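Contents: one structure, followed by commentary.
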Amino acid sequence: MRKITFDVETRNLFSDVASNDPVDLDISVVCIHDSETDQYTSYLQEDFPKLWPILEQADMLITFNGDHFDIPLLNKYYSGDLLKIKSLDLMAEVKKTLGRRIKLDTLAEATLGKQKSGHGLDAIAWWQAGEIDKIIKYCIEDVKITKELYDFALKNGKLKYKDLGIKSSIKDIPLNTKDWEKKQEGSMTFTLPF
């Protein structure tokens with residue numbers, strides 16, 4: 001099964017576009033991990049024609065908050081429909097169990113013992129300053145964390161988070177992963193000429 005784990009960084013904020021719809025934002029970079037090549041790569045807007053064939057060959061897209069944010073935003077640049085590719089949104093999976101959303105950083109710290117290298121607001125400031133390499137490095141780190149969380153959950157049937165209650169302890173989030181890698185049959189709209 002070819003899995004593409006990816007993350008999107010934007011050039012602007014919701015307040016900049018006077019909207020709460022992710023589709024109204026502009027992408028600065030998309031970073032991916034391709035399970036077929038085991039490589040991490042990045043794509044600026046002008047590189048998207050190189051990204052589409054990779055996504056079109058994917059059996060599954062893996063994201064964190066991607067169903068709500070990353071996929072609809074990236075889909076506006078694509079001439080087909082990325083929604084036709086099976087997706088697994090780790091944030092949505094966690095919310096199914098806990099009934100609430102948990103930050104990527106919170107899951108990474110408790111499950112993997114690591115923290116994110118920055119914040120999405122940093123990426124926007126870096127874009128404005130022309131520091132594209134910093135955005136790419138940050139975005140790839142988020143993709144690595146998302147991939148590692150996915151792999152951990154698939155192997156262990158759970159993720160972990162720090163409960164900030166009275167005892168401030170690490171708690172498990174049980175996840176039903178049995179169908180995660182079940183291939184989805186369906187049509188895909190391709191951009192490639194035949």
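Start at 1 with the first residue, then count along the sequence. Values below: all heavy atoms of this structure, side chains included; hydrogens, waters and symmetry mates excluded. From a predicted model like this one, the values you see are computed outputs, not experimental measurements.
- The shortest heavy-atom contact between C31 and V143 is O-CG2, 3.3 Å.
- In this structure a side-chain-to-backbone donor-acceptor pair under 3.5 Å is missing from K134 to W127.
- W180 and Y150 have parallel rings, their planes meeting at less than 30° on a 0 to 90° scale where 60° marks the start of perpendicular.
- A donor-acceptor pair under 3.5 Å links the side-chain atoms of N75 to the main chain of L82, judged by distance alone.
- Atom-to-atom distance recorded for K95:NZ and I102:CD1 is 11.5 Å, nearest 0.5 angstrom.
- With hydrogens and angles disregarded, no donor-acceptor distance shorter than 3.5 Å links the side chain of D67 to the backbone of L88.
- Residues K162 and A110 share a closest heavy-atom pair of N-CB, 3.8 Å.
- With respect to H33, the side-chain hydrogen bond (donor to acceptor under 3.5 Å, both in side chains) criterion is satisfied by exactly one of D38, T146, T5: D38.
- Linking ILVMFWY residues whenever their side-chain heavy atoms come closer than 4.5 Å, directly or via other members, leaves Y43 and I136 in distinct clusters.
- Looking at D172, its side chain never comes within 3.5 Å of a backbone N or O of K160 through a donor-acceptor pair.
- With respect to D34, the side-chain hydrogen bond (donor to acceptor under 3.5 Å, both in side chains) criterion is satisfied by exactly one of Q39, R2, K3, Q57: R2.
- V17 and D24 make their closest contact through CG1-O, 3.5 Å (heavy atoms, listed as atom of the first residue, atom of the second, distance).
- With a 4.5 Å cut-off on side-chain heavy atoms, L104 and L149 count as touching.
- Between D70 and N65, the side chains place no donor N or O within less than 3.5 Å of an acceptor N or O (distance only, hydrogens not considered).
- Within a 6.0 Å radius of NZ in K86, more than 12 heavy atoms belonging to other residues, nucleotides or ligands are found.
- Between Q45 and Y77 the shortest side-chain heavy-atom distance falls below 4.5 Å.
- Distance NZ/K116 to CG/D122: 9.0 Å, rounded to 0.5 Å.
- Note that CG of L61 and CG of L74 are 9.0 Å apart. Values are rounded to the nearest 0.5 Å.
- In this model, no donor atom of one side chain and acceptor atom of the other lie less than 3.5 Å apart for Y40 and E141.
- Residues V29 and I132 are not in side-chain contact: their nearest non-hydrogen atoms beyond the backbone lie 4.5 Å or more apart.
- Judged purely by distance below 3.5 Å, without hydrogens or angles, the side chains of Y161 and K103 never pair a donor atom with an acceptor atom.
- With contacts defined as side-chain heavy-atom distances shorter than 4.5 Å, the pair D142/E9 qualifies.
- Note that CD1 of I85 is 9.5 Å distant from CG of D59, once rounded to the nearest 0.5 Å.
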K76 vs D21, salt bridge (charged side-chain N to carboxylate O under 4.0 Å, His left out): CA-CA, chis, key distance, verdict: CA-CA 12 Å; K76 87 172 185 179; D21 188 345; over 6 Å; no
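- Contacts classified as ring pair (Phe, Tyr, Trp, His ring centres under 6.0 Å) and involving residues 55-75 (residues at least two apart or in different chains) are not found.
- A distance of 6.5 Å separates CD1 of I173 from OG1 of T111, quoted to the nearest 0.5 Å.
- The closest side-chain heavy-atom distance from T10 to I124 is below 4.5 Å.
- Of all non-hydrogen atoms in G66 and D89, the two that sit nearest each other are N-OD2, 3.1 Å.
- Looking only at side-chain heavy atoms (C-beta outward), E93 and T97 stay at 4.5 Å or farther from each other.
- Using a 3.5 Å distance cut-off with no hydrogens or angles, the side chains of D163 and S169 do not pair a donor with an acceptor.
- Of the possible donor and acceptor atoms, one in the side chain of D16 sits under 3.5 Å from a partner among the backbone N and O of L13.
- Shown here for C139 and D7, the closest heavy-atom pair between the two residues is SG-O, 3.4 Å.
- Residue R101 places its CZ atom among 12 or fewer non-hydrogen atoms of other residues, nucleotides or ligands, all under 6.0 Å distant.
- In this structure, S87 and T63 have side chains that are not in contact, with every pair of non-hydrogen atoms separated by 4.5 Å or more.
- A donor-acceptor pair under 3.5 Å is formed between the side chain of D81 and the backbone N or O of L83.
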Residue pair K147, D151: steps toward the salt bridge (charged side-chain N to carboxylate O under 4.0 Å, His left out) verdict: CA-CA 6 Å; K147 179 194 175 301; D151 291 344; 2.6 Å; yes
